Amino acid sequence: MEIGVSVVEGEAVVLGSDGATGTAQILGALASMLHDEAAEVVGEDLKALMVVAARSGGVIGRRPFDTRIASYVLNPTLEGHDLTALAERFLGTTLPTGPDATGARATAALRLRPVLERELEACEALSLFRDVEMPLLQILADMERRGMLVDVAMLAALSSEYAGKLAGMVEEIHALAGETFNIQSPPQLRTVLFEKLKLSTRGVRRGKTGLSTDVDVLRKLAKQHPLPALILEYRALAKLMSTYVDTLPGLVNPETGRVHTCFHQAVAATGRLSSSDPNLQNIPVRGEEGRRIRAAFTAPPGRCLVSADYSQIELRILAHLSGDSALVDAFRRNEDIHARTAAEVFGGLGGLTADKRRAAKAINFGIIYGMGPARLARELEIPHDEAVGYIAQYFSRYPGVRAYVGETVASARRLGYVQTLMNRRRYLPELGAQDGGARQFAERTAVNTPIQGSAADLIKVAMQRVDRRLRQDRLDAGMILQVHDELVFECAEEMADPVAAAVRAEMEGVAQLIVPLRVDVHSGRNWAEAH
DNA sequence: CTGGAAAGCGCC
DNA sequence: AAAGGGCGCTTTCCAG
C-alpha cells in the first residue's frame, strides 16, 4: 500500500493508492492506518505525523519519504521546499491550496518522489537522504515527544532574584547617566554615552544607523567611565531574564510538565539541525548565572541526565579533510590542540601561558570560520600587523591546512558548490560576484561549510547508532536533545554508567577518520551537572 | 493594531 | 569596507 500524506495546517491528509482521500481528524484512526509497516508514506513534514502516530503506538511505514527534506538535501539554501514550490519546480504544475486541495497536494507528493529520488541519485546524495535523514525523522519525533523536564519553581526563584537585581541596576545606571532613559534602546544609550557623557568614539564601530553599542564597544568604553560596564552587566542579566527565566515556564506543556522543543531538519544551510519553541540549542552554559539556568533542566526523581559531547569535532574534521600532518599528529597523540597551536605559532619557548592558549584557541576557531587579521586583532586586542604575523605563522606550521583552504575555494569556484563527507551539497553562486565583500563572504562559507556540515553528518549518523544501541541493549534511556556536538539522554539513575558506555562507543565509532573521535560523557541530576 | 528591520546576544 | 561560519529569540522602533 502506498499513502501520500500532506500536512496542511497541522492536519494530516491521507491519500490511499486507490485515490480515495480523507482527512484524518481522529488520531487513533490515523495511527492504525499508519501502523501498517508495509505502507510507504510520502509527503511533507512527516515528523509532525510521527509525533502523533508515536503517541498512539503507531509507526510511519518502513520507508518514509519526506519531500521537504529531499529538496533540502538537494539544495538547502533554495527558497521554497514546500509542496507548492516543488510541484512548480519539478513537475511544472501549479498546485492548488486550501482545504479542498489536499487530495491534489498528496497526489503531487506521490508524483514527486521518483523525480526527487533521481535528482538525489544524480548528486550521489541518495544514501544521505535515505540512510541518514529519513531515519532521523523518527528519532527527532521521539525526542520531541519525550521532551525535557524543567524545574519551574527554580526558575520562579531566579526570576524574583533577577528582578530585584535589575531594578537596582536601573537606578544605578540612571544615576550615573544623570537622566532616566530606556537602557534597552540602543539609540537612547548611544545618545547618553556619546553626546551626554561625551565618551571618546575613537575605534568605535558603526552600524547602519550610527555608532554601535554592542559588547565589544562597551568593553572598550569601560576604561573611560563606569557606566558601560554596568550596562554590560545589566544586558547580560536582562537577556537571561527575558529569553529564558521568564519565557521557559510558559512553554512547559501542562500535560507533561515538560518543554517539547521543535527540531527543524530543513533549515540550516550547512545541514545542522535547528531548534525552536523553545530553542534548546542556546541554553546558557558559560558564566555562573548561565549555569544556574541550565541547572533548571532536570530529570525526574530516580532518573538522571547523561550528556555526551564530541571533543573538538570540527578541528578533527579539518585534520581529516586537510590531512595536515601536524594537525593529524596532534590529534593522534591526543594533545591539547590549542596548546599545540600555541607552541607552533608562538614557539615552544617561555612555556604555555593562559594568554597564549587563549590566543591560539581564537586562531584555531578563526581558521575554521575564515577569520581575517582585523578580527583577530580586535579579539586579542593586539596590533593589526601582529595578527597578520600570527596567521602567517599558523599557515606555515600547518601547511596542509593552507593548501586545503586554497583547494577548497578553488574547487568551489570551479564547481559552484561545496560538499560534506556525506555529499551534502551547498551551492555558492556568490563566489562569482562582482561585489568583493559578497565574494569573500562566499569564500569563507566555502571553507566553513564542509567542516560544519560534515560534523552535522556525523552526529546525525551517531544519533541513529546510539538510538539503535539503546533499544538493542534494552537500556531504559531515551535521547532527548541534540546540540550540534552534544547528545543528551534521560535514563534510570542506576543505568547511567552502562548508558554512558554505550553512547560513547557508538559516537566514537561513527566513522573512521584519519584521526580518532573523542567523546566526553557526564551524568548528573540536571543538565548543568551532566555537562 | 501588525509586520518587519535593526541591534544585540544566547549557543555550537 | 563591515565584520569569522551556523542558528533563534528578544526588544526597540518605525511604517503600514
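Here the structure is a predicted model, which is why all the values come from computation and not from measurement. Each chain gets a letter, A, B and so on, in the order its sequence line appears, and its residues count up from 1. These values consider heavy atoms only, across backbone and side chains, with no hydrogens, waters or symmetry-generated copies.
Note that the first and last nucleotides of DNA chain C, 5' to 3', having any atom under 4.0 angstrom from a heavy atom of chain A are C:dA3 to C:dC13.
Using a 4.0 Å heavy-atom distance criterion, A:Thr449 is classed as making no nucleic acid contact. Counting any heavy atom pair closer than 4.0 Å across all strands shown, A:Ala362 reaches a base atom. Nucleic acid contact class of A:Arg190 (heavy atoms, under 4.0 Å, all strands): none. Using a 4.0 Å heavy-atom distance criterion, A:Phe441 is classed as a sugar-phosphate-only contact. Among the protein residues, A:Asp309 comes within range of no part of the nucleic acid, since none of its heavy atoms lies under 4.0 Å from any strand. No engagement by A:Glu486 is indicated, since no non-hydrogen atom pair under 4.0 Å with the nucleic acid exists. As judged by a 4.0 angstrom heavy-atom cut-off over every strand, A:Gln184 is placed among residues touching the sugar-phosphate backbone only. Among the protein residues, A:Gly207 comes within range of the sugar-phosphate backbone only, with heavy atoms under 4.0 Å from sugar or phosphate atoms but none that close to a base.
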Base-pair string, DNA chain C, Watson-Crick plus G-U, cut-off 3.5 Å on both distances, | for inter-strand, is ....||||||||||||
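Each of A:Pro187 and A:Ala438 lies near DNA chain C, and the nucleotide nearest A:Ala438 is the one positioned closer to the 5' end. Residue-to-nucleotide proximity on DNA chain C shows that, of A:Asp277 and A:Arg206, the 5′-proximal contact is made by A:Arg206.
Using a 4.5 Å cut-off on side-chain heavy atoms (C-beta onward), A:Glu386 and A:Leu380 make no contact.
Taking 4.0 Å as the cut-off between side-chain N and carboxylate O, A:Glu381 and A:Arg219 do not count as a salt-bridged pair.
Between the side chains of A:Thr420 and A:Asp457, at least one donor-acceptor pair of N or O atoms lies under 3.5 Å.
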May I have the step-by-step check of side-chain hydrogen bond (donor to acceptor under 3.5 Å, both in side chains) for A:Glu289 and A:Tyr162, ending in yes or no?
CA-CA 10 Å; A:Glu289 297 309 319; A:Tyr162 288 0; 2.6 Å; yes
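The line from CG of A:Leu305 to CD1 of A:Ile480 is 5.5 Å long, rounded to the nearest 0.5 Å. To the nearest 0.5 Å, atom OG1 of residue A:Thr341 and atom CD of residue A:Gln393 are 11.5 Å apart. Separating the CD1 atom in A:Ile367 from the OH atom in A:Tyr394 is a distance of 5.0 Å, to the nearest 0.5 Å. Rounded to the nearest 0.5 Å, atoms CG (A:Asn526) and CZ (A:Arg294) are 10.0 Å apart. Atom CD of A:Glu144 is separated from atom NE2 of A:His260 by 10.0 Å, given to the nearest 0.5 angstrom. Between the CD1 atom in A:Ile231 and the CD atom in A:Glu172 there is a gap of 10.5 Å [rounded to 0.5 Å].
Atom P of B:dG4 sits at a distance of 29 Å from the matching atom of C:dG4, rounded to the whole Å. Look at the C1' atom in both B:dG8 and C:dA2: the space between them is 16 Å, to the nearest Å.
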Any protein N or O atoms within reach of nucleotides 9-11 of chain B? Criterion: under 3.5 Å, listing atom names and distances.
| residue | atom | partner | partner atom | Å |
| --- | --- | --- | --- | --- |
| B:dC9 | OP1 | A:Arg235 | NH1 | 3.1 |
| B:dC9 | OP2 | A:Val215 | N | 3.1 |
| B:dC9 | O4' | A:Lys239 | NZ | 3.4 |
| B:dC9 | O2 | A:Lys239 | NZ | 2.6 |
| B:dG10 | N2 | A:Asn282 | ND2 | 3.3 |
| B:dG10 | N3 | A:Asn282 | ND2 | 3.0 |
| B:dC11 | OP1 | A:Val285 | N | 2.9 |
| B:dC11 | OP1 | A:Arg286 | N | 3.0 |
| B:dC11 | OP2 | A:Arg286 | NH1 | 3.0 |

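Aromatic ring pairs are classed by plane angle as parallel below 30°, tilted from 30° to 60° and perpendicular above 60°; the pair A:His174 and A:Phe181 is tilted. Ring geometry for A:Tyr427 versus A:Tyr417: interplanar angle over 60°, hence perpendicular rather than tilted (30 to 60°).
Put simply, CG on A:Leu481 is 12 Å from P on B:dC12, counting in whole angstrom units.
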